[in-house]
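Throughout, protein chains are lettered first and strands after them, A, B, ... in sequence-line order, and every chain is numbered starting at 1.
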There are 2 protein chains.
Amino acid sequence: MSILDAAADVLRCFGPDRLELTVTDVVALRGAPKSSTSRLLRAMRDAGLLETVGDSKRYRPGILLFELGQSYRAGSTLVARAHDVVSGIVDRVGHTGYVSVRDGLDVMGLTYVAGRNVLRVGTPVGRRLPLTASATGRTLLARLEDHEVRALFPGALPQPSPRAPRTLDDLIARLDGVRRTGFAESDGEANPGVGALASAVGDPETGEAVSLCITYPQSTVTVAERRQIIDGLLDGARSIATIMGDVRCAALQTASRPRTPQDA
Amino acid sequence: MSILDAAADVLRCFGPDRLELTVTDVVALRGAPKSSTSRLLRAMRDAGLLETVGDSKRYRPGILLFELGQSYRAGSTLVARAHDVVSGIVDRVGHTGYVSVRDGLDVMGLTYVAGRNVLRVGTPVGRRLPLTASATGRTLLARLEDHEVRALFPGALPQPSPRAPRTLDDLIARLDGVRRTGFAESDGEANPGVGALASAVGDPETGEAVSLCITYPQSTVTVAERRQIIDGLLDGARSIATIMGDVRCAALQTASRPRTPQDA
DNA sequence: TTCAAAGTTCCGAATAATGGAACTGCGGTT
DNA sequence: AACCGCAGTTCCATTATTCGGAACTTTGAA
């Protein structure tokens, strides 16, 4: 194993729940000898990948990584366009929106637009959601072929919530719904009481795909608003798909005018 | 030079203007042999530090770095507190605010709160501003001893704008003003037509320090608003300083009631 | 098809990484 | 004060990686 892999491995030890790590923490998490770990962490600090908190002992990701994280977002015009669309919908309906991408079996929030409403859904930026149990995740899965989806889940489906799809066949059926209607809906799956509507677009050039999502406390959303959100998402996804030449965009399957509200 | 330093060096080649890089780009930027560079970039990709765009050729920072960048912010309760304070001021005055930290001779935006006003200042998150030519930078410099400031600038001062301090003595005089009044003001320095007010606090425990800043188009700010912003910043900085036990906070020097508006 | 530029692979030489053991520094305890 | 235990660091010979020049392959344009 190269020291680079080891370094990346160390970086992966950090997370929302592990913001700072000591040498022994990393030893416990990775099982590497402590001499190597001690040297590695110091080398990473000297290189600027990590910082020591205060004088010493505890390490955390360096500001260099923060800076690069920013350019990760900026690097994608697809993300920027999606963000603009979501932003417009948020302005109209007042609910919170965000843009996210698939990473492995999770979906990760990239950008966030706070709504005007008093009851707001917290920022999902940098947070992971299970791919199968979120509207946003299913819109991204719906862009894959069924056999690709099956290949992603060789074992049992993760079951983070009772309302999430239980079996692979269950999931595939819902993905089919997403492909027909152009959007996906979550009904308090990832967070109880929180609903979400989402639609995905991709850039065939680079292969990247993002999901546009609006979330809201389920108690506060009206039927008319739901309709408005769906229309906004579909129109937005469609316009981006047209610009980028994304033929796989599910929203394109949907005629621009009439649409039957149908679970997806 | 260890491969870790080389890798960090490569990461530093990315920036707002250089979102994607090829092997030859990196060769040109770092002067390293292209065989080594080719291998290095691939190793970094295999480790997950970089991603290749589309199928190949161009590299950009990986999602791992984005994720870590998020926890950089979340790791600091000081940043969170500062963000809350700034957020409150933004709610009251409608202008844009942000929280930033010093990194070398620059100041870097960490969080951003968009104002309600039509004329908004764009997001500075992940952006660098020169330390000497920004309100935010000078509040952070004012926390250092004069000799430490002199040590930071062995050569001539960077002169990004005609309104920025020209000489070291000039700068030190202004820092003294910051220490007395508790805040710093920028008068179209970093961006023409854009004013800013800032105040800094630190956490003596960890040694980290952040600057709270409100920016606005100079044409739209009234005298009363300016007063309101300054009061908000000073009160906020003072309350955080009290919680954290930061005796060096310049805002503490200022009595809670009367204050003479004075450039800083 | 040809060509130049960009990228990759190969190689021995040079360098850096490894992990066990010994060492240091720091609290807390007897 | 001396002792203990824990976290972290340093040392060392061994081992494995990395290095950069040159040769090779791929790419994209003419």
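Each end of the helix from C/dT1-D/dA30 to C/dT30-D/dA1 gets its own axis from five base pairs, and the two axes differ in direction by 40°, given to 10 degrees.
Rounding to whole angstrom units, CE of residue B/Met44 and C1' of C/dG7 are separated by 17 Å. Distance CG (B/Asp5) to C1' (D/dT17): 15 Å, rounded to an integer number of Å. Note: CG (A/Leu41) to C1' (D/dA7) measures 13 Å, nearest angstrom. Atoms NZ (B/Lys57) and P (D/dT27) sit 6 Å apart, rounded to a whole Å. Rounded to whole Å, the distance from CG on A/Leu40 to P on D/dG8 is 14 Å.
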Please tabulate, for side-chain N and O atoms in residues 145-161 of chain B, each donor-acceptor pair with protein atoms closer than 3.5 Å (sequence neighbours left out).
residue: B/Asp146; atom: OD1; partner: B/Arg179; partner atom: NH1; Å: 3.4
residue: B/Asp146; atom: OD1; partner: B/Arg179; partner atom: NH2; Å: 3.2
residue: B/Glu148; atom: OE1; partner: B/Glu145; partner atom: N; Å: 2.7
residue: B/Arg150; atom: NH2; partner: B/Asp169; partner atom: OD1; Å: 3.4
residue: B/Gln159; atom: NE2; partner: B/Ser161; partner atom: O; Å: 3.0
residue: B/Gln159; atom: NE2; partner: B/Ala164; partner atom: O; Å: 3.2
residue: B/Ser161; atom: OG; partner: B/Arg163; partner atom: N; Å: 3.1
residue: B/Ser161; atom: OG; partner: B/Glu189; partner atom: O; Å: 3.2

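Side-chain contact between B/Leu29 and B/Arg18: present, with at least one pair of heavy atoms (C-beta onward) separated by less than 4.5 Å.
OP1 or OP2 of C/dG19 lies within a sub-4.0 Å distance of a side-chain N or O belonging to A/Ser36. One finds no side-chain N or O of A/Arg42 lying less than 4.0 angstrom from the OP1 or OP2 phosphate oxygen of D/dG8.
Toward the 5' end of DNA chain D, the nearer of the two residues B/Ala32 and A/Lys34, judged by each one's closest nucleotide, is A/Lys34.
Across residues 18-27 of chain A, not one residue has a non-hydrogen atom less than 4.0 Å from an atom of DNA chain C.
Annotation: salt bridge (charged side-chain N to carboxylate O under 4.0 Å, His left out) contacts of B/Arg102 (sequence neighbours excluded): none. Taking the side-chain hydrogen bond (donor to acceptor under 3.5 Å, both in side chains) definition, one finds that A/Asp5 meets it with nothing, sequence neighbours left out. With sequence neighbours left out, the side-chain hydrogen bond (donor to acceptor under 3.5 Å, both in side chains) criterion links A/Thr22 to A/Thr24, A/Asp25. Residues meeting the side-chain hydrogen bond (donor to acceptor under 3.5 Å, both in side chains) test with B/Thr139, sequence neighbours left out: B/Ser211. For A/Phe14, the ring-ring contact (aromatic ring centres under 6.0 Å, His included) test picks out no residue, with sequence neighbours left out. Among residues two or more places apart in sequence or in another chain, the side-chain hydrogen bond (donor to acceptor under 3.5 Å, both in side chains) test is passed with B/Arg143 by B/Asp246. Taking A/Arg128 as the reference, A/Asp103, A/Asp106, B/Glu67 meet the salt bridge (charged side-chain N to carboxylate O under 4.0 Å, His left out) condition, with sequence neighbours excluded.
In this structure, the side chain of A/Ser199 does not engage the main chain of A/Leu212 through any donor-acceptor pair within 3.5 Å.
Under the side chain to side chain donor-acceptor pair (under 3.5 Å) criterion, the residue pairs touching residues 27-49 of chain A are A/Asp9-A/Arg30, with sequence neighbours excluded.
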Taking N or O atoms only and anything under 3.5 Å, show me the protein contacts with nucleotides 10-17 of chain C, one pair per line.
residue: C/dA17; atom: OP1; partner: B/Ser2; partner atom: OG; Å: 3.2

